[in-house]
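Right, one structure below, let's go through it.
Throughout, a chain's letter reflects where its sequence line sits, starting with A, and its residues are numbered from 1. Side chains included, hydrogens not; waters and symmetry mates left out as well; all remaining heavy atoms used.
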Amino acid sequence: MSEEKKDELKPSVSFIEQFIIDDLKDGKNNGRIHTRFPPEPNGYLHIGHAKAICLDFGMAEKHGGKCNLRFDDTNPVKEDVEYIDSIKEDIHWLGFGWDDREFYASDYFGKLFEFAIDLIKRGLAYVDDQPADVISSQKGTPSQPGTMSPFRSRSAAESLDLFYRMNEGEFEEGSHVLRAKIDMASPNMHMRDPIIYRILKTPHHRTGDTWKVYPMYDFAHGQSDYFEGITYSLCTLEFEVHRPLYDWLVDQLKTSDYRPRQIEFNRLNLTYTMMSKRKLLELVQEKKVSGWDDPRMPTLCGLRRRGYTPESIRRFIDLIGYTKVEAINDVSLLEYAIREDLNLRSPRVFGVLDPLKVVITNYPADKVEEMEIINNPEDESKGTRKVPFCNEVFIERDDFMEDPPHKFFRLAPGTEVRLKGAYIVKCESFRKNESTGIIEEVYCTYDPATRSGSGSEKKVKGTLHWVSARHAIDAEVRLYDRLFDHEDPAGQKDDDYRNFLNPGSLKVLTGCKLEPSLKTAKKLEKFQFQRLGYFCVDYDSTEAHPVFNRTVSLKDTWAKVNK
RNA sequence: UGUCCCGUAGUGUAAUUGGCAACACGUCUGAUUCUGGAUCAGAAGAGUUCAGGUUCGAGCCCUGACGGGACAACCA
């Protein structure tokens, strides 16, 4: 496509960005834009969170605003400091920062408590002494109105006294709750006198045992937004029905024209995986994966360990967009994003996963040549390196066939291929173990006139990667595939997602042969193993025992043709 | 028998105040290539869930169906 035509394409913005642009134009909030990213510290961030992060931080960045990091830590039972550092690390890794604006909903427990007291005094909240199941049954159903609690009409003074005593620790968990007095007949369930405070005696990871009552999400989120001067509170679609309650609470709180606006967008769904933090935690606890950072997990730390770059994830998020349509995105688009990124940046190296020895019978046994190999054909500035070559090399086992099919451009009896960066060789014979049928060695002759870079005109159809048998280093290579073999493992009503775990999602290969330059590769360093795919150094890797993870394979049209 | 949200190529998104349905991925050709990768050139694929209405003109506005989703945690 020409530059001109590219320029003609109008930059399209999401419906949310359009709201922001319009507000800015109207001078709303004095042209101020302030968002927040509000994770609950009860698990690791996954790629779905990345979608929210890119929007929250991205919109602020793009339009000259700010984005706060705010931990939504209103439930000490589920939350833990363990998660806080990892969440911060992952956001930084993606390339976003929040300066000194690191906040916690628990920072506002005092103000929230005061606000609750204010509501009680104004007759807009009351303490309910009924147990959970009774309160629940009085809520009615989505199609039937609820009925009022007998405690709804009790005096403000009595509620106030009870609420204070709830926080003193005088009552057991579950014995009393504070409810907003709104409308038990509302068609919106969330408006039927929602519970706004409950008694919890588990110590909080930040406030210890200062509090015995904790605000519910709905009573903390909008108010926290308000306290921080947030202008756009962006969240996923399932909070749409909460918006009237969000607005109702802000209405009771606000003292000026300013108010934060909640806007909902579609959450990210990816094929062959799931985003439920609860279920991902189960996978970890049940040891179905090695941990939160297992390279098969959709977590950011998992993707990082798998070899994904933050740029590729941001590019992916950019490609899928933000709408109100509940969609399921194809993982192949994520794979496209990482291939596109790594194709440009990663050095090419030789690695043989399933080695088959080739002996070059007319090459002197005591000779070693240092072949000069281009590091990255996409980037000349990356230069070249020397790779040793001798009379014994390993090639990929499936690059040789005794009896090849049509259009097999690789090695077979009597055929010629180029060993990339070295010579053209011809297969003269091979040795096969007749009882097992396994090919043990292949014998070739090379043509000295075809050395790469010598200007040889000779062309062959196939080019193979190879590693000198005498110089290769041994490595473990972990081949990863999708964790589930069902497109939507968690969405099957009658089937547990565990039934769709892909038994072939991890294949561990040992005795792989890599070119010697890889010996000094650093953790997470990324390479293209020529003709195979993109790989990175795993955390488990040591110089004595290198371990590589396959991030994603190269596109393989030959494999497709053979299906 | 509720309320709210959403229906545009296989998938994900576009389409300024109504004006020839566009882009990306995927798919398929061909060229090129010392990676069966990459790159380049090209093709196929929806007439916008359906039915009415308003209009010179509707993917966009209105009405009604149909389909999908959310909502009845002392979770977020």
Side-chain angles (χ1 to χ4, degrees), chain A residues 1 9-10 12-14 18 38-40 42 72-75 77-79 105 128 131-132 135-137 139-146 173-179 186-192 195-200 213-214 216-218 220-221 235 237-244 264 266 271 277-278 318-330 332-337 339-340 343-344 348 350 374 377-378 407-410 417-422 424 450 452-453 456 458-465 528-533 553-561:
Chain A
M1 188 187 289
L9 292 174
K10 290 158 201 150
S12 69
V13 299
S14 70
Q18 193 58 57
E40 184 187 15
N42 69 341
D72 221 332
D73 57 348
T74 57
N75 186 358
V77 179
K78 287 190 172 178
E79 295 149 8
D128 197 331
I135 291 177
S136 168
S137 65
K139 280 236 163 165
T141 69
S143 54
Q144 285 170 305
E173 287 186 10
S175 63
H176 300 262
V177 290
L178 184 67
R179 293 228 255 168
S186 170
N188 183 330
M189 298 291 289
H190 295 276
M191 299 299 271
R192 323 243 261 229
I195 292 168
I196 57 179
Y197 260 100
R198 78 289 211 192
I199 300 170
L200 252 27
V213 292
Y214 291 89
M216 299 285 289
Y217 164 82
D218 285 306
H221 203 98
C235 62
L237 251 23
E238 67 267 30
F239 290 99
E240 206 152 20
V241 284
H242 292 245
R243 186 159 17 104
E264 310 86 11
N266 60 345
T271 53
K277 269 205 265 184
R278 200 198 85 232
D318 210 47
L319 287 169
I320 62 176
Y322 298 88
T323 68
K324 302 194 70 160
V325 187
E326 294 183 53
I328 178 154
N329 290 272
D330 202 323
S332 64
L333 192 63
L334 214 210
E335 292 173 349
Y336 160 78
R339 284 194 188 104
E340 180 186 57
N343 175 47
L344 262 26
R348 271 58 170 174
F350 291 155
I374 293 167
E378 305 289 333
K407 284 197 167 177
F408 183 80
F409 303 144
R410 308 177 187 183
V417 296
R418 173 171 288 284
L419 295 179
K420 188 170 174 70
I424 290 176
T450 58
S452 290
S456 163
K458 190 167 177 180
K459 301 269 184 228
V460 285
K461 269 288 199 183
T463 301
L464 307 186
H465 61 282
Q528 185 197 94
F529 285 12
Q530 204 105 158
R531 299 210 304 138
L532 297 176
S553 65
L554 245 34
K555 276 214 265 178
D556 189 348
T557 51
W558 173 244
K560 208 187 307 178
V561 167

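Which of rA72(B), rC75(B), rG69(B) sits closest to the side chain of Thr141(A) comes down to rA72(B). In the set rG12(B), rU13(B), rA14(B), the nucleotide with an atom closest to the side chain of Ile320(A) is rG12(B). Nearest nucleotide to the side chain of Asn329(A), out of rG12(B), rU35(B), rA72(B): rG12(B). Counting only heavy atoms from C-beta on, Ile328(A) has its side chain closest to rG12(B) among rG37(B), rG12(B), rC74(B). The side chain of Pro187(A) sits closest to rU3(B) out of rG12(B), rA72(B), rU3(B).
Taking the 5.5 Å centre cut-off and the 30° plane limit, the aromatic side chain of Trp558(A) is classed as stacked on rG36(B).
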(request) Report the C-alpha separation of Ser332(A) and Asp330(A) in whole Å, then their side-chain angles, then the decisive distance to 0.1 Å, and conclude whether the side-chain hydrogen bond (donor to acceptor under 3.5 Å, both in side chains) test is met. (result) CA-CA 5 Å; Ser332(A) 64; Asp330(A) 202 323; 3.2 Å; yes

(request) Evaluate side chain to side chain contact (heavy atoms under 4.5 Å, CB included) for His176(A) paired with Val213(A), printing each intermediate quantity in order. (result) CA-CA 10 Å; His176(A) 300 262; Val213(A) 292; over 6 Å; no

(request) Decide side chain to side chain contact (heavy atoms under 4.5 Å, CB included) for Arg531(A) and Leu464(A); before the verdict, give the C-alpha distance in whole Å, the side-chain angles of both, and the deciding distance to 0.1 Å. (result) CA-CA 8 Å; Arg531(A) 299 210 304 138; Leu464(A) 307 186; 3.5 Å; yes

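At a threshold of 4.0 angstrom between heavy atoms, the contacts of Asn42(A) with the nucleic acid are absent. Residue contacts for Asp556(A): at a heavy-atom cut-off of 4.0 Å it reaches the sugar-phosphate backbone alone, with no base atom in range. Residue contacts shown for Phe409(A) include a base, since a base heavy atom lies under 4.0 Å away. Within 4.0 Å of Phe408(A), counting heavy atoms only, lies at least one base atom of the nucleic acid. Nucleic acid contact for Lys420(A): base, since at least one base atom lies under 4.0 Å from a heavy atom of the residue. Residue Thr271(A) is out of contact with every strand shown, counting any heavy-atom pair closer than 4.0 Å. Within 4.0 Å (heavy atoms only), Glu240(A) reaches sugar-phosphate atoms of the nucleic acid but no base atom. The residue Ser136(A) sits close only to the backbone: its heavy atoms come under 4.0 Å of sugar-phosphate atoms, none of a base.
Each of Ile135(A), Ile199(A), Ile196(A) was checked for a side-chain contact (heavy atoms from CB on, under 4.5 Å) with Val177(A), and the lone residue meeting it is Ile135(A).
In this structure, rU17(B) makes no Watson-Crick or G-U wobble pair, since no nucleotide meets both defining distances under 3.5 angstrom. Base-pair partner of rA24(B): rU11(B) (Watson-Crick or G-U wobble, both distances under 3.5 Å). Here rC40(B) sits opposite rG30(B) as a Watson-Crick or G-U wobble pair (both hydrogen-bonding atom distances under 3.5 Å). The partner of rG64(B), taking Watson-Crick or G-U wobble pairs whose two distances both stay under 3.5 Å, is rC50(B). Pairing for rA73(B) is absent, with no Watson-Crick or G-U wobble pair whose two atom distances lie under 3.5 Å.
With its glycosidic angle more than 90° from 0, rG67(B) adopts the anti conformation.
The side chain to side chain donor-acceptor pair (under 3.5 Å) test applied to Asn343(A) returns Arg348(A), not counting sequence neighbours.
Without hydrogens or angle criteria, Arg339(A) side chain to Ser553(A) main chain gives a donor-acceptor distance under 3.5 Å.
One cannot find a donor-acceptor pair under 3.5 Å joining the base of rU1(B) and the side-chain atoms of Gln144(A).
Nearer to the 5' terminus of RNA chain B, by closest-nucleotide assignment, is the contact made by Val325(A) (compared with the other of Lys555(A) and Val325(A)).
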